[in-house]
Asker: 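Handing you a structure now.
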Amino acid sequence: MRHDLILFDNDGVLVDSEPISNRLMAEYLTELGHPTSYEDSLRDYMGAAMHRIHDLVLERTGRRLPDDFDDVFHARVFAAFERELKPVPGAAEVLEKLAAEGRAYCVASSGSHQRIRIGHRTTGLDRWFEDDRLFSSQDVGRGKPAPDLFLHAAERMGVAPERCLVVEDSPLGVQAALAAGMDVYGFTAMTPADRLAGATELFADMGRLADLLG
């Protein structure tokens with residue numbers, strides 16, 4: 001099926017931010033007395049909205065993260081983005097092809113609007129994304145794995161869920177897409193394929209996506 005709307009996750013799919021943000025998340029949580037490895041962060045927090053991180057730490061330890069946790073973490077991440085962030089190889093070519101064909105696409109990310117914009121500006125991907133193509137978990141009450149964000153983005157873009165395709169690299173994102181009644185292609189460059197079980201298609205090279213989209 002040729003889908004009417006392509007919804008891209010952002011972190012790890014368009015911008016190669018997951019190694020940066022999960023390294024910093026592990027460092028910061030450890031600093032606060034919650035020992036966390038990089039691998040722990042990838043397993044537990046990759047693709048999650050910030051509220052999920054607060055909830056998991058509270059559930060596991062009985063301790064709340066500091067009130068300024070989000071602000072401090074984002075300041076560290078954004079500074080690192082300015083120094084290190086690159087686009088995912090092949091992402092620019094996929095976006096260029098979609099734009100040239102006039103196909104509808106957008107971003108639906110667990111990250112904040114500020115995080116999305118900084119990542120796109122730093123990597124040069126902002127040329128393909130006007131504000132009306134950017135959707136964040138900030139826009140809805142619940143982040144992934146709830147389907148709310150994807151359903152909100154599809155509604156705003158005027159496309160029925162069953163005509164949508166989500167491109168995701170996290171288990172939470174795949175769960176959210178399936179719950180929304182959408183097809184989902186799982187990007188396995190960083191995530192083992194077995195953790196994206198249920199995806200309609202799996203692929204490891206973003207350069208292949210243009211062909212998969214038809």
Asker: So His152 and Phe135, would you call those rings parallel, tilted or perpendicular, with 30° and 60° as cut-offs?
Answerer: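 Because their plane-to-plane angle is over 60°, the rings of His152 and Phe135 count as perpendicular.
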Asker: Going from CG on Leu65 to CG on Leu29, what distance comes out if it is rounded to the nearest 0.5 angstrom?
Answerer: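 The CG atom of Leu29 is 6.5 Å from CG of Leu65, to the nearest 0.5 Å.
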Asker: Look at the side chain of Asp211 and the backbone N and O of Arg208, then say whether any donor-acceptor pair between them is shorter than 3.5 Å.
Answerer: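 Such a contact is absent between Asp211 side chain and Arg208 backbone.
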Asker: On the 0 to 90° scale, with breaks at 30° and 60°, tag the Tyr28-Phe69 ring pair as parallel, tilted or perpendicular.
Answerer: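 Geometry flag for Phe69 against Tyr28: parallel rings.
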Asker: Atom NZ in Lys144, atom CZ in Phe150: separation rounded to 0.5 Å?
Answerer: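 It is 4.0 Å, given to the nearest 0.5 Å.
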Asker: Are Asn10 and Phe129 side-chain neighbours, meaning at least one heavy-atom pair lies under 4.5 Å?
Answerer: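 No - every pair of side-chain heavy atoms lies 4.5 Å or more apart.
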Asker: In this structure, are over 12 heavy atoms from other groups packed under 6.0 Å from Arg60 atom CZ?
Answerer: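 It does: Arg60 CZ has more than 12 such atoms within range.
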Asker: Only counting residues at least two apart or in another chain, list the ones meeting salt bridge (Lys or Arg N to Asp or Glu O under 4.0 Å) with Glu59.
Answerer: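 Scan of Glu59 (salt bridge (Lys or Arg N to Asp or Glu O under 4.0 Å), adjacent residues dropped) gives none.
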Asker: Less than 6.0 angstrom from the centroid, inside 45 degrees of the normal: does Arg133 satisfy that with respect to the ring of Tyr105?
Answerer: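 That pair qualifies as a cation-pi contact.
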Asker: Side-chain heavy atoms nearer than 4.5 Å, only ILVMFWY residues, links allowed to pass through others: does that put Val174 and Leu212 together?
Answerer: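 In one cluster: no.
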Asker: Is a side-chain donor-acceptor pair under 3.5 Å present for Ser17 with Asp11?
Answerer: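 Checked: Asp11/Ser17 side chains pair up, N/O donor to acceptor below 3.5 Å.
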Asker: Taking the side chain as C-beta and beyond, is there a heavy-atom pair between Thr36 and Met25 under 4.5 Å?
Answerer: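 The answer is no; the side chains never approach within 4.5 Å.
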Asker: Could I get the full list of salt bridge (Lys or Arg N to Asp or Glu O under 4.0 Å) partners for Arg121, not counting sequence neighbours?
Answerer: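 With neighbours one apart ignored, the set is Glu82.
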Asker: So do the side chains of Arg23 and Glu27 get within less than 4.5 Å of each other, counting heavy atoms only?
Answerer: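 Yes - at least one pair of side-chain heavy atoms lies under 4.5 Å apart.
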Asker: Could you tell me whether the side chain of Arg103 and the main chain of His3 form a donor-acceptor pair under 3.5 Å?
Answerer: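 Yes.
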Asker: Just how far is it from atom OG1 of Thr188 to atom CZ of Arg195, taken to the nearest 0.5 Å?
Answerer: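 Atom-to-atom, Thr188:OG1 and Arg195:CZ are 13.0 Å apart.
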Asker: Do Val107 and Leu7 land in one hydrophobic cluster if side-chain heavy atoms of ILVMFWY residues count as linked below 4.5 Å?
Answerer: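 Val107 does not cluster with Leu7.
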